[in-house]
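Everything below concerns the one structure shown next.
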Amino acid sequence: MSRAILIVEDDQNLSGVLSRVLTREGYEVAVSNTVREGVEHLQKETPGIVLTDIYLPDGKGIEVLECARTISKEIDVIVMTANATVESAIEAMKKGAHDYLLKPFQVDELTHHVRKIFERKALIAENLYLKERIKSRCTYSDIVGKSSKMRELFSVMENVANTRSSVLIQGESGTGKELIARAIHFTGNRSEKMFVPINCSAIPENLLESELFGHVKGAYTGATENKRGLFEYADQGTLFLDEIGDLSAALQSKLLRALEDGRIRRVGDYKEIEVDVRIVAATNKDLATLLKEGIFREDLFFRLAVIPIMVPPLRERKEDIKLLAEHFVSFYSDGKVPAIRFGKEAMEILVQYPWPGNVRELKNLTERLSILKAGKTIAPGDLPKDLVGEDHMVPSVEAGLSYQEARNRVLEQFHRKIIGDALKENGGNVSRASESLGVDRGNFQRLMRRYGIQSAEFRDE
Ligand SMILES: Nc1ncnc2c1ncn2[C@@H]1O[C@H](COP(=O)(O)OP(=O)(O)OP(=O)(O)O)[C@@H](O)[C@H]1O
Ligand SMILES: [Mg+2]
């Protein structure tokens, strides 16, 4: 954080003393003798504190105050005034000055004030940071998975956490890319600094540039204050560029330059700022195709993909489904409502389903069931139609079943579904259910027994 102080004071004896004392205390001090000089300084630098006299040769300290307020609300202004001008001091307070000091004052009094202000600033910054950390704190223990593909992924994460190399995480939507990005940051040696996420597709292109790199006051209409970019916030930490595949061509080249130079420039500024930022990028688009089509720059791709991580879709790690489902069940049972349980058949359907929305879809389903079916053992009939849909019923060849086994499994699922639906339709009445299907009542009951289907489960409350 900036420990810079600007003193605007025409009495050079006083400014000399203040400057010496504050410099000795470890602050970076600049002195201006006039309003004009003070304002010029503020247009270039953003100090933490401005200390200004009220009466200056070319105007009033109020102008310095007003200028500081428009540049950044984070600058604290203290006005210094002689007894005779206490009214101006009060006016200054009304206009947003942090405090005023009556001249002559003890230098100790001033240093005490200054120390307090910087302490408060540090607390505010720390507070914001801690909030972000608590919200997003995450380690491997939050990432559920025991499949060999996930174990492989954990070992890559472990190896890269303490490096500065760029990481590119690719995978379908909902596979856990953001979770992985956070884990890499919070288990690595940058975890004490900020993890700064930004979604490149959610922000219009012209705003994205100033979000990333910051801007100076007046850089464009609407830029009423100097603003730090996310690169600066992420200094010594991690910048998470989500949906990187949606970055425009112009920003791709600006990002590439920033990564190559390790320096950025705020929009509208000539000055370069050195930054030490670790980049983790993610996308659910197929970057290989974007590269071929010339939509994504190859040189940027290689910069970002120093460590490429592919997160497999959930259907390719079926061993994790049960574990994840149980994890989410306990996540959503908050003690106020009884937890649900997935019955054996329902769980089998979950394992067979191809999960186009991946882990997010499973998480959302568990949330919905936890609320709507609190305390219940979830049966296939409780699951949404598309999960039980015929397309997903046929076991894949990878399941390694013989023709006969596969056929039996399909038949079982078919019977469970059609019998369950008919019973549900008919409020659990077996005669009417069998009739609606045009099946003999005896055969219908035999099938119910074979699959352990209870008509009571389908009776209206
Ligand atoms: N292995 C996992 N263990 C526990 N929770 C997970 C796991 N993978 C994903 N999740 C949860 O699933 C949800 C989706 O994950 P995340 O937001 O990281 O996906 P994503 O890959 O970034 O998706 P998108 O491409 O749509 O942005 C989150 O709530 C996340 O906490
Ligand atoms: Mg995401």
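First listed ligand is number 1; within each ligand, the first listed atom is number 1. As the structure is a prediction and not an experimental result, all values here were calculated from the model. Only heavy atoms go into these numbers, but all of them, side chains included; no hydrogens, no water, no symmetry mates.
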Quick one: does ligand 1 sit under 4.0 Å from the side chain of [X], the backbone, both or neither, non-hydrogen atoms only?
{"X": "Asp142", "value": "backbone"}
{"X": "Phe328", "value": "side chain"}
{"X": "Glu178", "value": "both"}

As an exercise, identify every atom of ligand 1 less than 4.0 angstrom from a heavy atom of [X].
{"X": "Glu243", "value": "27 (O)"}
{"X": "Leu324", "value": "2 (C), 3 (N), 4 (C)"}
{"X": "Asn284", "value": "25 (O)"}

Below 3.5 Å, N or O to N or O, backbone or side chain included: is there any such pair between [X] and ligand 1?
{"X": "Asp242", "value": "no"}
{"X": "Gly171", "value": "no"}
{"X": "His327", "value": "no"}
{"X": "Arg317", "value": "no"}

Looking at [Y] and [X], is there a salt bridge between them, counting it only when a charged N and a carboxylate O are closer than 4.0 Å?
{"X": "Arg182", "Y": "Asp142", "answer": "no"}
{"X": "Lys322", "Y": "Glu326", "answer": "yes"}
{"X": "Asp76", "Y": "Arg120", "answer": "yes"}
{"X": "Glu66", "Y": "Lys95", "answer": "yes"}
{"X": "Arg3", "Y": "Glu28", "answer": "no"}
{"X": "Glu232", "Y": "Arg266", "answer": "yes"}

Cationic tip of Lys193 within the cone over Tyr233's six-membered ring, i.e. under 6.0 Å and within 45° of the normal?
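Here Lys193 fails the 6.0 Å and 45° test against Tyr233.
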Just going by heavy-atom distances, which of Leu179, Val144, Val311 is nearest to atom 1 (N) of ligand 1?
Val144
Nearest to [atom], what protein heavy atom do you find, and at what distance?
{"atom": "atom 26 (O) of ligand 1", "answer": "Ser173 OG, 2.6 Å"}
{"atom": "atom 23 (O) of ligand 1", "answer": "Gly174 N, 2.8 Å"}
{"atom": "atom 19 (O) of ligand 1", "answer": "Gly176 N, 3.2 Å"}

Residue among Lys424, Arg368, Lys376 satisfying salt bridge (Lys or Arg N to Asp or Glu O under 4.0 Å) with Asp382
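Single salt bridge (Lys or Arg N to Asp or Glu O under 4.0 Å) partner of Asp382 among Lys424, Arg368, Lys376: Lys376.
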side-chain contact (heavy atoms from CB on, under 4.5 Å), paired with Glu225, selected from Lys73, His215, Glu74:
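Only one option passes, and that is Lys73.
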